[in-house]
Amino acid sequence: MKYDVAVVGAGPAGAWTAHLLASRGARVVLADPSHPREKPCGGGVTGRALALVAPVLAVDRLPAVSIRTARFVDTTTAASATVPLDGGTFPGALVVASRTEFDGLIVAAATRAGAALVTARVTDIAREHGGFRLDTADGTVERAAWVIGADGANSLVRRRLAQPLRRDQLSIATGFFARGISSDEIVLELVGDPPGYIWSFPRPNHLAIGICAEADAGHSAGALRARVAEWIRATGIAPDAPLEPYSWPIPSLSPRDLETLDVARHGWLLVGDAAGLVDPITREGIFFALQSGAFAAETLASGRSRPDRVYSDRVQAAIASDLARAARIKAGFFRPSFTRLLIDALGQSDRIRAVMADLIAGTQGYRSLKWRLANTLEVGLLWRLLQMRMTRG
Ligand SMILES: Cc1cc2nc3c(=O)[nH]c(=O)nc-3n(C[C@H](O)[C@H](O)[C@H](O)COP(=O)(O)OP(=O)(O)OC[C@H]3O[C@@H](n4cnc5c(N)ncnc54)[C@H](O)[C@@H]3O)c2cc1C
């Protein structure tokens with residue numbers, strides 16, 4: 001077998017896995033036809049995600065906007081509250097980067113460590129002689145003992161070796177890049193239908209603006225994008241900026257899906273979006289892509305028997321169980337009666353602003369959210385929240 005591991009997809013999950021495996025001496029081939037490319041994505045990279053890659057990447061040289069504030073807007077009343085994200089209390093909580101730059105740095109680290117980069121799409125994968133044969137669009141064939149599926153929400157590895165994500169396990173994100181404009185504030189306008197928010201994330205030379213809805217909820221991408229266009233016009237957030245449309249799927253798993261994830265079997269592992277690892281509320285996926293990639297590399301390099309089981313258990317315990325909690329409270333989180341109360345509370349209480357800043361920074365897990373809110377909210381607010389049962393789960 002020419003390679004120990006073939007990694008399909010060189011987004012953060014695949015490129016980071018390839019880097020870590022090649023650094024440990026594995027023979028790695030990394031296949032992706034798309035780089036350099038701008039992935040349709042908010043590009044919000046949390047402090048905890050940067051901390052994972054900081055030992056290897058020159059993150060201080062990454063062109064990125066350091067976010068100073070997050071402004072929450074209630075769509076029905078237009079009431080708003082601003083949460084500080086940097087300065088004394090939350091330094092480095094969130095930066096927004098171009099995915100061309102961020103992903104490009106990780107791909108470069110992988111090839112520096114010795115991974116062979118194949119710039120072609122993998123078109124087929126089949127078991128062969130105790131390993132795998134991978135056919136690529138440029139006609140080359142690669143062979144490896146292990147395959148890692150890091151090929152995003154529409155993963156070919158998933159389709160060939162497991163089950164594809166079903167429509168009810170996907171959401172569709174759509175919107176515009178507004179060129180030639182930036183800021184140091186993210187804006188999140190909370191909407192009840194579809195449950196979630198319209199966001200504006202400022203990158204160094206454009207705003208990434210969008211909305212997300214469950215793929216099976218009956219909202220067409222065109223209608224959602226028209227809503228975003230109207231929002232851009234009404235808020236005046238990007239006057240005269242050329243608007244470049246995008247649409248892209250994001251995994252959006254139910255609590256049950258997340259409690260029973262199928263991310264590895266004999267010979268293959270799924271990481272990042274291909275494994276369905278995205279926070280259902282904040283839509284943070286980059287951190288989980290890097291973290292699951294690190295788990296995959298550490299497990300394969302450890303030489304333990306049945307690495308597929310070791311990896312699955314670790315993903316379940318360290319990632320999926322908390323994401324399942326988020327999926328359980330999601331409906332309540334975006335209910336208009338709750339978001340009104342939330343904006344009110346954000347306006348009134350430093351401690352609630354701190355909880356929200358930590359949620360955005362990814363440092364507030366969902367297991368302790370209920371406890372922290374209960375110990376943070378004033379009695380009156382807490383009572384009203386409990387009546388709405390938002391903290392259920
Ligand atoms: C609109 C939007 C906004 C988002 N905002 C944020 C945010 O602000 N912060 C955050 O943390 N997350 C955000 N996310 C989620 C984040 O983009 C993903 O979770 C993250 O990119 C997952 O990384 P990945 O490496 O698993 O997959 P990807 O980044 O999707 O990379 C998959 C790679 O696989 C390659 N590939 C696919 N098929 C094949 C094939 N057959 N052969 C070879 N290569 C293949 C693709 O070319 C691609 O490069 C957002 C997502 C969207 C859609």
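Source: prediction; values computed, not measured. For ligands, and for the atoms within them, numbers begin at 1 and follow the listed sequence.
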A.B. asks: Kindly confirm or rule out an N or O of G285 lying under 3.5 angstrom from an N or O of ligand 1.
C.D. replies: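 Yes, there is a polar N/O contact under 3.5 Å.
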A.B. asks: Counting heavy atoms only, which part of R37 comes closer than 4.0 Å to ligand 1: side chain, backbone, both or neither?
C.D. replies: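 The answer is the side chain.
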A.B. asks: Which ligand 1 atoms are under 4.0 Å away from a heavy-atom of F201?
C.D. replies: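 Result: 8 (O).
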A.B. asks: Counting each atom of ligand 1 from 1 as listed, which ones have a heavy atom of A150 under 4.0 Å away?
C.D. replies: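 Answer, ordered by atom number: 32 (C), 33 (C), 34 (O).
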A.B. asks: Among all protein heavy atoms, pick out the one at the shortest distance from atom 28 (P) of ligand 1; state its residue, atom name and that distance to 0.1 Å.
C.D. replies: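 Atom 28 (P) of ligand 1 sits closest to the protein heavy atom K39 NZ, 3.8 Å.
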A.B. asks: Starting from atom 24 (P) of ligand 1, locate the nearest protein heavy atom and write down its residue, its atom name and how far away it is, to 0.1 Å.
C.D. replies: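 Of the protein heavy atoms, A13 CB, 3.9 Å lies nearest.
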A.B. asks: How long is the straight-line distance from CG of L261 back to CG of D313, given to the nearest 0.5 Å?
C.D. replies: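 It comes to 11.5 Å.
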A.B. asks: Give the atom numbers and elements of ligand 1 that come within less than 4.0 Å of a heavy atom of G152.
C.D. replies: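 Close to G152: 32 (C).
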A.B. asks: Please say yes or no: joined through hydrophobic side-chain contacts below 4.5 Å, possibly via intermediate residues, are V271 and L57 part of one cluster?
C.D. replies: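 In one cluster: yes.
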A.B. asks: Need the ligand 1 atom indices (1-based, order shown) with element for anything under 4.0 Å from a heavy-atom of W248.
C.D. replies: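 By the 4.0 Å cutoff, the relevant atoms are 53 (C).
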A.B. asks: Would you say ligand 1 has an N or O under 3.5 Å from any N or O of A274?
C.D. replies: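 For ligand 1, there is no N or O atom that lies under 3.5 Å from one belonging to A274.
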A.B. asks: Quick check: does any side chain N or O of T111 sit under 3.5 Å from a backbone N or O of A115, one acting as donor and the other as acceptor?
C.D. replies: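 Side chain of T111 to backbone of A115, a donor-acceptor pair under 3.5 Å: no, none is there.
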A.B. asks: Considering non-hydrogen atoms of the protein only, which is the closest contact for atom 31 (O) of ligand 1, and what is the distance?
C.D. replies: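 The answer is G11 CA, 3.6 Å.
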A.B. asks: Heavy-atom count around R167 CZ within 6.0 Å, excluding the residue itself: above 12?
C.D. replies: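 Atom CZ in R167 is not packed in, count stays at 12 or less.
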A.B. asks: Select one of side chain, backbone, both or neither to describe which atoms of Y246 lie under 4.0 Å from any atom of ligand 1, heavy atoms only.
C.D. replies: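 The answer is the side chain.
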A.B. asks: Could you walk me through whether F132 and E128 pass the side-chain contact (heavy atoms from CB on, under 4.5 Å) test, one step at a time?
C.D. replies: CA-CA 5 Å; F132 294 89; E128 191 184 87; over 6 Å; no
A.B. asks: Using 0.5 Å steps for rounding, measure from the CZ atom of R160 to the CG atom of D124.
C.D. replies: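 Between atom CZ of R160 and atom CG of D124 there are 4.5 Å.
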A.B. asks: Taking the ring centre of each residue, are F333 and F338 less than 6.0 Å apart?
C.D. replies: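 So the answer is yes for these two rings.
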A.B. asks: Please determine whether the number of non-hydrogen atoms from other residues, nucleotides or ligands lying under 6.0 Å from atom CZ of R159 exceeds 12.
C.D. replies: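 It does: R159 CZ has more than 12 such atoms within range.
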A.B. asks: With a 4.0 Å heavy-atom cut-off (strictly under), which part of S34 contacts ligand 1: side chain, backbone, both or neither?
C.D. replies: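 The side chain, only.
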A.B. asks: Need the ligand 1 atom indices (1-based, order shown) with element for anything under 4.0 Å from a heavy-atom of G44.
C.D. replies: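 Selected atoms, number and element: 7 (C), 8 (O), 9 (N), 10 (C), 11 (O).
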A.B. asks: May I ask you to check if ligand 1 and E284 share an N or O to N or O distance below 3.5 Å?
C.D. replies: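 Between E284 and ligand 1, no N or O pair is found under 3.5 Å apart.
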A.B. asks: Can you tell me the protein heavy atom closest to atom 36 (N) of ligand 1 and the distance?
C.D. replies: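 Looking at atom 36 (N) of ligand 1, the protein heavy atom closest to it is D151 CB, 3.8 Å.
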A.B. asks: I125 versus L161: any side-chain heavy-atom pair under 4.5 Å?
C.D. replies: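 Yes, their side chains come closer than 4.5 Å.
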A.B. asks: Just to verify, what does R179 make a side-chain hydrogen bond (donor to acceptor under 3.5 Å, both in side chains) with, not counting sequence neighbours?
C.D. replies: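 Per chain and number, R179 pairs via side-chain hydrogen bond (donor to acceptor under 3.5 Å, both in side chains) with H206, E244.
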A.B. asks: Can you name the atoms of ligand 1, numbered from 1 with element, that are less than 4.0 Å from a heavy atom of R283?
C.D. replies: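 Answer, ordered by atom number: 6 (C), 10 (C), 12 (N), 13 (C), 14 (N), 15 (C).
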A.B. asks: Of all the atoms in ligand 1, which lie at a distance below 4.0 Å from a heavy atom belonging to V8?
C.D. replies: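 Taking each heavy atom of V8 in turn, ligand 1 has 40 (C), 42 (N), 43 (C) under 4.0 Å.
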A.B. asks: Closer than 4.0 Å to some heavy atom of D273 - which atoms of ligand 1 meet that?
C.D. replies: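 Once the distances to D273 are compared, the set is 18 (C), 19 (O), 20 (C), 22 (C), 26 (O).
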A.B. asks: Look at atom 35 (C) of ligand 1 and say which protein heavy atom is nearest, naming residue and atom and giving the distance to 0.1 Å.
C.D. replies: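 Here the nearest protein heavy atom works out to D32 OD2, 3.1 Å.
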A.B. asks: Should the heavy atoms of other residues, nucleotides or ligands under 6.0 Å from CZ of R265 be counted, would the total exceed 12?
C.D. replies: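 No, because the 6.0 Å sphere around CZ of R265 holds 12 heavy atoms or fewer from other groups.
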A.B. asks: With R24, which residues qualify under salt bridge (Lys or Arg N to Asp or Glu O under 4.0 Å), at least two apart?
C.D. replies: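 In terms of salt bridge (Lys or Arg N to Asp or Glu O under 4.0 Å), with neighbours along the sequence ignored, R24 is linked to no residue.
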A.B. asks: Just wondering, do I186 and L188 contact through their side chains at under 4.5 Å, heavy atoms?
C.D. replies: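 When only atoms from C-beta onward are counted, I186 and L188 do touch, with a gap below 4.5 Å.
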A.B. asks: Is it the side chain (CB and beyond), the backbone, both or neither of I250 that lies under 4.0 Å from ligand 1, heavy atoms counted?
C.D. replies: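 Looking at I250 and ligand 1, just side chain atoms fall under 4.0 Å.
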A.B. asks: Looking only at side chains, do E38 and T100 share a donor and an acceptor under 3.5 Å apart?
C.D. replies: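 Side-chain D/A pair, E38 to T100: present.
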A.B. asks: Just go through P40, C41, G272 and tell me whose heavy atom is the nearest to atom 53 (C) of ligand 1.
C.D. replies: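 Ranked by closest heavy atom to atom 53 (C) of ligand 1, first place is P40.
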A.B. asks: Quick check for you: to the nearest 0.5 Å, what is the distance between R158 atom CZ and D273 atom CG?
C.D. replies: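 Interatomic distance, R158 CZ to D273 CG, rounded to 0.5 Å: 10.5 Å.
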A.B. asks: What is the nearest protein non-hydrogen atom to atom 3 (C) of ligand 1, stated with its residue, atom name and distance?
C.D. replies: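 Nearest neighbour among protein heavy atoms for atom 3 (C) of ligand 1, to 0.1 Å: G42 N, 2.9 Å.
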A.B. asks: Once you restrict to heavy atoms under 4.0 Å, what part of W16 touches ligand 1? Side chain, backbone, both or neither.
C.D. replies: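 Neither part.
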A.B. asks: Counting non-hydrogen protein atoms only, what is the nearest one to atom 42 (N) of ligand 1? Give residue, atom name and distance.
C.D. replies: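 The answer is V122 N, 2.9 Å.
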A.B. asks: Taking the side chain as everything from C-beta on, heavy atoms only, tell me whether L369 gets closer than 4.5 Å to I329.
C.D. replies: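 Contact flag for L369/I329 side chains = yes.
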A.B. asks: Check for me whether G210 has a heavy atom closer than 4.0 Å to any atom of ligand 1.
C.D. replies: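 It does not; every heavy atom stays at 4.0 Å or beyond.
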A.B. asks: What protein heavy atom is closest to atom 29 (O) of ligand 1, reported as residue, atom name and distance in Å?
C.D. replies: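 The protein heavy atom lying closest is R99 NH2, 2.9 Å.
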A.B. asks: At a non-hydrogen distance cut-off of under 4.0 Å, which region of P33 contacts ligand 1 (side chain, backbone, both, or neither)?
C.D. replies: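 Answer for P33: side chain.
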